[in-house]
Amino acid sequence: MASTPSKRTLPSKESSLFRELLNLYETRQLKKGQKTADQILKKFPEHGETLCMKGLILTHMGKREEGLELVKKGVRLDLTSHIVWHVFGLIQKGEKNYEEALKSYTQALRFDKENMNILRDAAHLQTQLRFYDGLVDTRFLLLKLRPNLRQNWIGLALAYHLNGNLGEAKKVLEQYERSLKNVPDHDPDHSDLLLYHVRVLEDIGELAEALAFLNIKEKSKAIVDQVAIMETRARLLLKQGPGADAEQAWRALIQRNPDNISYYYGYLGSKNIELVAGSVVDADLPKALQQLRDLSVQNPRAVVAPRRLELMIVPAEDFKPLAGAYILRALKKGIPSLFVDLKPLYHDSQKRVIIEELVECYRRTLEEGLLPDEPSDDVIATSEGDVPTTYLWALYFLAQHFSHVGQHTRALSVLSSAITHTPTLPELHTLRGRVLKRLGDLHGASAAVNEARLLDGQDRFLNTKSAKYKLRAGLIEEASDTLGLFTKKDAVSPGADLEEMQSLLYLTEEANAHRRQGKIHHALKKYHAVRKIFEEFEDDQFDFHGYSLRKFTINIYLKSSPFMGGSIYVKLFDNPSLAKDVLSTGLTAEEAKKAKKKAKKAQQRQEEQRKATANATSTNEDKGLDLTSLKDDDPDARMETVNPLLRLSLRDVDSWTSIYDVAVRRGKYVQAIRALNHANAIDADHPELHVRYLHFRKLYEPVLSSSPPLVVAVVSGALDTLLSREMSLETYNAQYLQRHSAKGRAVLAAAKGLQILGSPKDEIEGTLFSILNPEVDLPFKIALDVWSFLKDINSSRADEFRLACDKKFDLSTVFKTPDEVSLTNTQEVDG
């Protein structure tokens, strides 16, 4: 063993103080720990381990920069100490820099190979980073050092499993189970472990051995989860091939829970009938339908699931009688979710038409005061007194149907009849709000959903839905008051309480509302709160690796194994004056001067308070190692908003264009072109991708010359593949517009392309106004984007476009001025 370096060796007194220092840190007595470190450093100012421990303590006390400098100094002074590397790893882990933290732990293990704390931390980091080869070695060493700990055995088995070596995982589990003695009866931890063992055998393909193992453990009552036993047995038998045993196993599950539709898939599979994408081959169709009908007869509780499966697999020509019975039964029972249940069938246009005809027929019959003819004897018994409620739910279904197929005016007409019939049903008002939202009348939608809320003031769902619609209508204060009815009364504000409870719906909707109003500073604040929540989710995931081993939730662990802030930073990068414009909007020169002075004083008070807190001697508060948020003007803040997207396998063009927008402005051209390649693989004709091609070629290709030759070669080659140099950018943009002249979003993209190419403003405006032609598909949301773009380029025709859209979307209020909206609301109230 190598001797301890002389500069690390401390006299007896200081050595005792250093052990005390370690204990004080462990017990989080930070102030005492700092004083103890100072005592040692007074005599030995270059003792690396003490410097690192003092730096770690200071970091926990909120003095991050000072603490980090001490840690780095300590590492430089003693490069062969496991303590300094462990401390450095803790600091890096607190900064979420997991890869560098793992490197530090690896260095620490070079000098103390059997340190259990470092090995455990390293294993968690390797799991988080998916470094499974190294994880196997670390877990093997942990088991070798402490074979009496159950979680070390499970940890090694999981490491082999995650690394794809199921054979070794099986051996570890078998060896562990042979070593067990005196296992308590009905132990849930041991039960979960045995189910995991069965799963490993199943994944290997040893089905007979897995089934035998399951049967033995069931008889000995070692596995306590009976449903898991039944599901696992049925799955294993089915994998062995269709047969009577598999059929019996799936039938038992259906008998236990007749509403679980996956059991019917398994049962049909046991009959050698395979459902693929919700359909069966024609030859098996009669057999499948007969089996489902037999199940309904044999099990009176199996009513909904088998009949719903029938509707899915039956061809359109045989669909009507089955659908009639199913729909009429649900209408008589008053099931609000009937439309949601049937909506997946709408991909078949014939079935969609049949459903509309059936419910319209029921509506006409019910309007005459009669109940529709029952298509079969299995419809629930009803009486003439059920006519009003059945009629109401038929209207509710039809309104949802018409809105879904784009007939919003007809949906509103049906809803008007339904509300006249029963004005006290909240579902009708919320649906009316949804239809008005789709039409662009956000204020009308907000009012409609608020009427639903007022019908049941104790309903949290209606309260939340009403606040959401108010935020979308820009009524931020009213939404806060509504939410405040259900938040803590002693909270600073309803918003603060909801942020503390991590309400993503509230944060994203309020951020979007501020962004639409141009208050980008408020919007960014909320978007950053959303990002912080997801960072906490990631931290929880890191903690979950260790928790799952401690609590033996192995099977659950294996199952669980677009951010608008980025676009705002891009706008601020392209036009920094926006920040000043936003902050000074509506202020006179004198008011702006006073506001600036007031803000400066507030900042000074905040700084003084921070210093006073830092210098307070009575505090022993542990502020943890979490990295403080980046400032808005930090050049890395923009990238932080899209970094999470880079870690995902995205199938979304908008996410890749967001990554491009940030990367190209940071001069990361390889990353930018990679984002364009990913987006191109998803949808080469996407409008936003067309704009980015022009943007990169026109604005950023000229500055590539200052980049390294290899970067220039890679980026230029990739860009040539995406956009050929043989065609001018003007021609490319014109051809794109010609190909997609009937698509509103594509026309807007072509207009943005004209702006990038420096075309005259009247040409850009002419292109945008062509979007109003009758043959162009123009949803009101795209029209809003066009209006916003006209204002961005300071077009004198922006108001002209607004008036044209107000006329085109006559039921919408988003193109009206605030005065016009107020006047409309007043007229509705008076009416």
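Computed from a predicted structure; not experimentally measured. Residue numbers count from 1 along this sequence.
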By side-chain contact (heavy atoms from CB on, under 4.5 Å), which residues pair with [X], not counting sequence neighbours?
X	result
Gln175	Trp153, Arg178
Lys343	Phe339, His404
Val224	His186, Ser191
Ala418	Leu392, Leu395, Leu428

Looking at [X] and [Y], would you say the former's side chain and the latter's main chain have a donor-acceptor pair under 3.5 Å?
X	Y	result
Lys351	Ala323	no
Thr508	Leu505	yes
Ser403	Gln400	no
Arg130	Gln128	yes
Thr365	Cys361	yes

Exercise for review: Run the numbers on Glu367 and Arg363 for salt bridge (charged side-chain N to carboxylate O under 4.0 Å, His left out), then give the verdict.
Suggested key: CA-CA 6 Å; Glu367 283 177 344; Arg363 174 191 181 182; 3.3 Å; yes
What are the two closest non-hydrogen atoms of [X] and [Y], and how far apart are they?
X	Y	answer
Leu292	Tyr264	CD2-CD2, 4.2 Å
Leu238	Gly269	CD1-C, 3.5 Å
Leu345	Met312	CD2-CA, 3.9 Å
Asp284	Asn272	OD2-O, 4.1 Å
Ala394	Leu366	CB-CD1, 4.3 Å
Ala452	Pro426	CB-O, 3.6 Å

4.5 Å side-chain heavy-atom contact, [X] and [Y]:
X	Y	result
Tyr265	Leu309	yes
Asn163	Asp133	yes
Leu425	Tyr396	no
Leu412	Phe402	no
Tyr160	Lys171	no
Tyr176	Ile154	yes
Glu317	Gln350	no
Ile327	Tyr362	yes

Practice item. Check the angle between the aromatic planes of Phe397 and His401 and answer parallel, tilted or perpendicular using the 30° and 60° thresholds. Key: parallel
Review point. Is Asp654 salt-bridged to Arg745, cutoff N-O under 4.0 Å?
Key: yes
Review point. Do Glu177 and Lys217 meet the salt-bridge criterion of a basic N to acidic O distance under 4.0 Å?
Key: no
Just verifying a value: how many Å separate [X] [atom1] and [Y] [atom2], rounded to the nearest 0.5 Å?
X	Y	atom1	atom2	result
Lys170	Leu201	NZ	CG	6.0 Å
Ile273	Gln291	CD1	CD	5.5 Å
Thr232	Leu195	OG1	CG	6.0 Å
Asp187	His190	CG	NE2	7.0 Å
Leu398	Ser417	CG	OG	10.5 Å
Ile223	Leu193	CD1	CG	9.5 Å

Exercise for review: For residues 293-305, pull every pair meeting salt bridge (Lys or Arg N to Asp or Glu O under 4.0 Å), keeping only residues two or more places apart or in separate chains.
Suggested key: Arg293-Glu310
According to salt bridge (Lys or Arg N to Asp or Glu O under 4.0 Å), who are the partners of [X], at least two apart in sequence or on a separate chain?
X	result
Asp459	none
Arg364	none
Arg438	none

Review point. Got a sec, which residues hit side chain to side chain donor-acceptor pair (under 3.5 Å) with His686, two or more places apart in sequence or on another chain?
Key: none
Exercise for review: Tell me, please, which residues at least two apart from Arg233 pass side chain to side chain donor-acceptor pair (under 3.5 Å).
Suggested key: Asn215, Glu218
**Study point:** From CA spacing to verdict: side-chain contact (heavy atoms from CB on, under 4.5 Å), Trp656, Asn677
**Key:** CA-CA 9 Å; Trp656 285 115; Asn677 278 327; over 6 Å; no
Review point. Are side-chain N/O atoms of Glu231 and Tyr263 paired as donor and acceptor at under 3.5 Å?
Key: yes
Review point. Applying side-chain hydrogen bond (donor to acceptor under 3.5 Å, both in side chains), which residue pairs with at least one partner in residues 237-251 are found, sequence neighbours left out?
Key: Glu202-Lys239, Glu247-Arg251, Glu247-Lys271, Arg251-Tyr267, Arg251-Gln298
Practice item. Step by step, work out the side-chain contact (heavy atoms from CB on, under 4.5 Å) result for Leu689 and Leu676. Key: CA-CA 7 Å; Leu689 188 55; Leu676 292 182; 3.7 Å; yes
Practice item. Might you work through the side-chain contact (heavy atoms from CB on, under 4.5 Å) test for Asp777 and Ile782, ending with a clear yes or no? Key: CA-CA 10 Å; Asp777 177 26; Ile782 300 299; over 6 Å; no
Review point. So does Lys144 have more than 12 non-hydrogen atoms from other groups sitting under 6.0 Å from NZ?
Key: no
Atom pairs and distances, donor-acceptor, side-chain atoms in residues 134-142, under 3.5 Å, two or more places apart:
from   : atom 1 : to     : atom 2 : distance (Å)
Thr138 : OG1    : Gln126 : OE1    : 2.9
Thr138 : OG1    : Gln126 : NE2    : 3.3
Thr138 : OG1    : Gly134 : O      : 3.0

Exercise for review: Evaluate the criterion side-chain contact (heavy atoms from CB on, under 4.5 Å) for residue pair Trp393 and Ile335; output intermediate values, then yes/no.
Suggested key: CA-CA 8 Å; Trp393 291 112; Ile335 298 175; over 6 Å; no
